[in-house]
2 protein chains.
Amino acid sequence: MKAMPTQKIPSPGKTASIGSARQLIEPTAQALKSAKTRSRLIDATIRCLVKFSYADTTTPKVAEEAGLSRGAMLHHFENGRQLMQATLVELHRKRLRAFRRAAGTLDHDARTLLHAYWDQLLRPNFIAFQELANASRTDKELAAVLEPVRREFDERWHELAIELFPEWADDLAAFKIALALTQNTLEGMALNRVTHGIDEETISLVLDHLEKVILDLRPDRRS
Amino acid sequence: MKAMPTQKIPSPGKTASIGSARQLIEPTAQALKSAKTRSRLIDATIRCLVKFSYADTTTPKVAEEAGLSRGAMLHHFENGRQLMQATLVELHRKRLRAFRRAAGTLDHDARTLLHAYWDQLLRPNFIAFQELANASRTDKELAAVLEPVRREFDERWHELAIELFPEWADDLAAFKIALALTQNTLEGMALNRVTHGIDEETISLVLDHLEKVILDLRPDRRS
DNA sequence: GCAAAAGCAGACACATCTGCTTTTTTCGTA
DNA sequence: TACGAAAAAAGCAGATGTGTCTGCTTTTGC
């Protein structure tokens with residue numbers, strides 16, 4: 001996605017862009033189609049991010065991928081930037097949803113949770129998310145969207161872990177380490193896996209050992 | 001850097017592009033200036049990668065950053081692509097050099113080595129390298145350059161670690177785990193630090209605990 | 001049913017990037 | 001000192017991306 005002029009003024013009269021207050025004010029039928037089209041565009045954007053990377057994702061490509069005209073797309077987002085921002089938010093929602101869904105069927109042991117997290121990182125959604133996170137390093141507007149999203153994700157992830165393993169609440173310091181270690185290691189491994197392939201064996205070794213490390217950190221197992 | 005046509009045929013008569021056989025065949029004086037200009041261009045590219053990201057690094061920007069004309073740049077590299085590839089190789093060399101340099105003055109304990117690695121990841125060079133590594137996911141030509149580079153880096157890193165801690169040679173399995181764990185965790189943390197800031201406290205906690213984990217993995221400390 | 005509004009498509013103008021070609025400058029060497 | 005090759009600058013045409021604008025179709029609310 002090429003350099004675009006800095007965001008336009010929100011222009012209050014227009015179609016509500018990111019927030020979807022419309023559906024509440026006007027819960028009528030046609031708005032449903034609109035939402036569906038937006039979804040199609042966002043999903044197309046995600047696919048493009050995976051296929052072409054952020055650098056080479058362009059509005060024509062997204063439109064083509066979505067099977068829509070570029071005009072249609074700019075009707076819904078009016079900006080390449082806004083499309084990206086909306087996509088980032090949507091990716092966040094998807095990740096969160098996936099976690100919630102997994103949480104229900106999860107055994108309450110570290111191994112399961114670890115592998116659940118890892119599985120998430122293998123999904124294309126993670127690649128797309130990573131592309132945007134990386135882009136946000138130099139795109140302040142994207143960063144402004146990413147920041148709260150990331151914060152919420154960490155909170156939810158924190159909550160889920162505590163919910164599954166209440167004993168951790170006894171030692172929040174150790175818990176913090178365990179979380180940080182898990183997150184950074186797994187995400188680092190996921191990224192390295194994408195660029196320079198890692199053999200499955202190494203992945204297993206790391207996962208297994210990480211599990212051991214976490215178990216050692218658990219309050220009831222410590223001296 | 002925008003989509004460019006797939007690589008041109010090497011055209012043997014031209015100025016030797018990546019390999020610098022020129023300096024050997026023609027070790028004369030003026031070639032030194034040429035090499036210097038190449039360096040200037042590559043360094044400018046690195047700075048651009050950091051400032052603008054790969055997506056928004058363009059040949060005009062690089063030329064301006066280098067204080068040269070675009071024509072001059074295409075005289076030396078004839079291709080935006082080749083410039084990026086050369087930059088990737090150069091970044092690799094720089095990383096390797098930094099490691100070798102550090103290796104000399106290093107105490108032989110895990111903590112020092114860990115922090116040495118971490119310090120490398122805080123340098124702008126790592127960001128630039130990461131930008132290219134990420135780009136190589138969808139750019140096969142870049143990937144073709146990255147692959148051997150990465151392999152060599154891993155080997156050197158492996159060698160260095162063994163050299164500093166010969167006792168690891170006794171248990172290569174544990175060694176492999178320790179290396180993978182260290183690399184993935186630190187790199188993951190470095191990347192997360194760039195996009196969404198991590199507080200220094202957490203970083204310290206992770207580093208300290210990682211050190212402990214590695215010590216536990218050491219052959220002479222195990223049961 | 002009809003006017004207003006939204007969904008959608010295509011065309012337009014502007015900007016910019018890319019690679020190529022041509023010209024000027026620099027500088028070593030005969 | 002003058003020649004010639006390499007370095008550097010400048011100019012050019014093609015391609016592509018971006019945002020805006022206009023027009024057509026469909027839905028919605030009165």
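These numbers come from the heavy atoms of this one structure, side chains and all, not from hydrogens, waters or symmetry mates. All values derive from a computational prediction rather than experimental measurement. Numbered from 1 within each chain, the chains take letters A, B, ... in sequence-line order.
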Asker: Among dT18(C), dC8(C), dA11(C), which is the nearest nucleotide to the side chain of Ala72(A)?
Answerer: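 Among the listed nucleotides, the one closest to the side chain of Ala72(A) is dC8(C).
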Asker: Do the side-chain N or O atoms of Asn79(B) get closer than 4.0 angstrom to the phosphate oxygens (OP1, OP2) of dT18(C)?
Answerer: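 For Asn79(B), the contact criterion (side-chain N or O under 4.0 Å from OP1 or OP2 of dT18(C)) is not met.
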Asker: Can a salt bridge be assigned to the pair Arg70(B) and Glu64(B) using a cut-off of 4.0 Å between side-chain N and carboxylate O?
Answerer: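 Salt bridge absent between Arg70(B) and Glu64(B).
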Asker: Would you kindly give the CD-to-P distance between Glu78(B) and dA6(D), to the nearest whole Å?
Answerer: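 Going from Glu78(B) (CD) to dA6(D) (P), I get 15 Å.
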Asker: Is the base of dG11(D) touched by the side chain of Arg70(B) through a donor-acceptor pair closer than 3.5 angstrom?
Answerer: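 There is none.
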Asker: Rounded to whole angstrom units, what separation is found between the CG atom of Leu41(A) and the P atom of dA9(C)?
Answerer: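 Rounded to whole Å, this separation is 10 Å.
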Asker: Taking for each residue the nucleotide of DNA chain D with the nearest heavy atom, is it Thr59(A) or Gly71(A) whose nucleotide lies nearer the 5' end?
Answerer: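 In this pair, the answer is Thr59(A).
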Asker: Are His158(B) and Phe175(B) an aromatic pair, judged by ring center distance below 6.0 Å?
Answerer: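 Phe175(B) vs His158(B): aromatic centres under 6.0 Å.
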Asker: With no hydrogens and no angle check, is any side-chain donor or acceptor of Arg137(B) less than 3.5 Å from a backbone partner on Val50(A)?
Answerer: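 A pair under 3.5 Å: yes.
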Asker: Evaluate the side-chain contact (heavy atoms from CB on, under 4.5 Å) criterion for residues Leu121(A) and Arg193(A): first the C-alpha distance (whole Å), next the side-chain angles of each, then the deciding distance (0.1 Å), finally the verdict.
Answerer: CA-CA 10 Å; Leu121(A) 299 184; Arg193(A) 198 188 75 98; over 6 Å; no
Asker: Nearest heavy atom decides the nucleotide; on that basis, is Pro60(A) or Ser69(B) closer to the 5' end of DNA chain D?
Answerer: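 It is Ser69(B), whose closest nucleotide lies nearer the 5' terminus.
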Asker: Rounded to whole angstrom units, what separation is found between the CG atom of Asp56(A) and the P atom of dT18(D)?
Answerer: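 For the pair Asp56(A) CG and dT18(D) P, the rounded distance is 11 Å.
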Asker: dA7(D), OP1 or OP2 - any side-chain N/O from His75(B) closer than 4.0 Å?
Answerer: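 It does, given that an N or O in the side chain of His75(B) lies less than 4.0 Å from OP1 or OP2 of dA7(D).
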Asker: Does Arg38(A) contact dG7(C) through a side-chain donor or acceptor facing the base, at a distance under 3.5 Å?
Answerer: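 Not at all, since no donor on one side and acceptor on the other fall under 3.5 Å apart.
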Asker: Please give, in whole Å, the distance from dC20(C) C1' to Phe77(B) CZ?
Answerer: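 One finds 18 Å between C1' of dC20(C) and CZ of Phe77(B), rounded.
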Asker: Return the value, rounded to whole Å, for the distance between atom CD of Glu64(B) and atom C1' of dA8(D).
Answerer: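 Rounding to the nearest Å, CD of Glu64(B) and C1' of dA8(D) are 17 Å apart.
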Asker: In whole angstrom, give the distance that lies between atom CE of Met84(B) and atom P of dG19(C).
Answerer: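 From Met84(B) CE to dG19(C) P: 11 Å.
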Asker: Please determine whether salt bridge (charged side-chain N to carboxylate O under 4.0 Å, His left out) holds for the pair Asp139(B) and Arg81(B), giving the CA-CA distance in whole Å, both sets of side-chain angles, and the decisive distance to 0.1 Å.
Answerer: CA-CA 10 Å; Asp139(B) 183 335; Arg81(B) 237 191 185 77; 3.8 Å; yes
Asker: Taking only the side-chain nitrogens and oxygens of His76(A), find out if one of them lies under 4.0 Å from OP1 or OP2 of dC8(C).
Answerer: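 Affirmative; the distance criterion is met.
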Asker: Hey, does the side chain of Thr58(A) come within less than 4.0 Å of dT16(D)'s phosphate (OP1/OP2), counting only N and O?
Answerer: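 Looking at the OP1 and OP2 atoms of dT16(D), neither is under 4.0 Å from any side-chain N or O of Thr58(A).
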Asker: Which whole-number value in Å describes the distance from Gln82(A) CD to dT18(D) C1'?
Answerer: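 In whole Å, dT18(D) C1' and Gln82(A) CD are 14 Å from each other.
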Asker: Tell me the interatomic distance from Leu68(B), atom CG, to dA10(D), atom P, rounded to whole angstroms.
Answerer: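 Leu68(B) atom CG is separated from dA10(D) atom P by 11 Å.
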